[in-house]
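Below is one structure, written out as structure tokens; the observations come after it.
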Amino acid sequence: MAQQNNSNGRDFVLGSLIGGLVGAVVALLFAPKSGRELRENINEQSSGWRERAGEWKDVAYEKSGEWKDRAVETSSQFSKNVSEKSTEWSGKMKDSTKNLQDKVKNIRTNEDDEAEKAAQEVAEAIEEAAQELERQQDSTTSSNL
């Protein structure tokens with residue numbers, strides 16, 4: 001973008017300079033003067049235009065330097081903002097991922113605890129059933145004797 005503006009500004013200055021020179025030459029050529037006066041006038045005008053062109057060149061260099069500095073500053077600020085935001089988003093993503101992992105771990109732990117409790121209850125039920133079966137066998141054996 002800055003390069004395009006720089007190019008447009010340079011083209012404008014160059015076009016203005018060429019247009020001014022052509023206009024001055026045409027005005028001098030169509031002015032009713034003698035050859036000597038015309039040459040002197042052309043020399044004076046060309047010296048004036050050279051000075052102006054030098055001034056315009058200096059202004060153009062100064063402005064292009066300002067634009068360059070502004071572009072460098074803006075791009076530096078943009079890079080800094082992008083870096084800060086990416087660091088911030090990275091931290092948020094890490095926190096979100098950790099929270100999700102913790103939740104999954106807690107779910108697994110709760111499932112494991114519940115499975116262990118269920119297995120213990122089943123084992124206790126089996127033991128009670130085995131004791132009851134022994135009692136029934138003992139009572140059947142006692143009544144047969």
Side-chain angles (χ1 to χ4, degrees), residues 1-140:
M1 178 84 174
Q3 194 175 33
Q4 184 180 8
N5 286 340
N6 192 16
S7 176
N8 289 342
R10 198 177 309 146
D11 291 345
F12 176 77
V13 169
L14 185 61
S16 297
L17 185 76
I18 291 172
L21 287 174
V22 169
V25 169
V26 168
L28 289 175
L29 290 176
F30 286 108
K33 295 182 181 180
S34 69
R36 173 179 272 170
E37 288 177 25
L38 180 62
R39 286 189 297 273
E40 287 174 3
N41 239 352
I42 289 174
N43 283 336
E44 288 173 12
Q45 291 293 328
S46 65
S47 295
W49 281 106
R50 267 190 237 124
E51 288 176 20
R52 282 188 182 170
E55 291 170 6
W56 289 349
K57 179 188 80 165
D58 293 340
V59 168
Y61 277 128
E62 184 179 318
K63 291 292 182 185
S64 67
E66 289 173 10
W67 290 342
K68 179 189 132 218
D69 292 343
R70 195 176 316 159
V72 166
E73 182 180 328
T74 302
S75 67
S76 174
Q77 185 64 34
F78 180 73
S79 295
K80 182 180 175 183
N81 288 345
V82 167
S83 177
E84 288 174 358
K85 289 295 180 185
S86 67
T87 301
E88 179 182 330
W89 290 343
S90 174
K92 286 181 179 179
M93 288 299 293
K94 285 179 183 177
D95 290 345
S96 295
T97 303
K98 182 164 178 17
N99 288 340
L100 184 59
Q101 287 174 343
D102 289 345
K103 286 179 182 178
V104 168
K105 188 176 182 179
N106 287 339
I107 290 171
R108 287 182 182 162
T109 302
N110 289 341
E111 287 176 353
D112 290 346
D113 289 346
E114 289 176 14
E116 190 175 319
K117 286 178 186 176
Q120 191 174 4
E121 288 175 7
V122 168
E124 288 173 3
I126 290 173
E127 190 174 324
E128 287 176 14
Q131 288 174 357
E132 184 65 31
L133 185 60
E134 274 182 33
R135 277 188 234 139
Q136 285 179 0
Q137 284 179 351
D138 284 342
S139 70
T140 310

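Note: hydrogens, waters and symmetry copies are ignored here, and every other heavy atom, side chains too, is used. Throughout, residue positions are numbered sequentially from 1 according to the sequence presented.
- Between atom NZ of residue Lys117 and atom CD of residue Glu121 there is a gap of 8.5 Å, rounded to the nearest 0.5 Å.
- Note that CD of Glu40 is 8.0 Å distant from CG of Asn43, once rounded to the nearest 0.5 Å.
- Atoms CZ and CG, from Arg50 and Leu21 in turn, are 10.0 Å apart once rounded to the nearest 0.5 Å.
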*Would you check, one step at a time, whether the test salt bridge (charged side-chain N to carboxylate O under 4.0 Å, His left out) holds for Glu132 with Arg135?*
CA-CA 5 Å; Glu132 184 65 31; Arg135 277 188 234 139; 3.0 Å; yes
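- Checking side-chain atoms of Ser75 against main-chain N and O of Ala71 turns up a donor-acceptor pair under 3.5 Å.
- Ser76 places no side-chain N or O within donor-acceptor distance of the main-chain N or O of Val72, the cut-off being under 3.5 Å.
- With rounding to the nearest 0.5 angstrom, the CH2 atom of Trp49 is 5.0 Å from the CH2 atom of Trp56.
- Once rounded to the nearest 0.5 Å, the distance linking CD of Glu51 with OG of Ser46 reads 10.0 Å.
- Residues Thr74 and Arg70 have side chains in contact (heavy-atom distance under 4.5 Å, counting atoms from C-beta outward).
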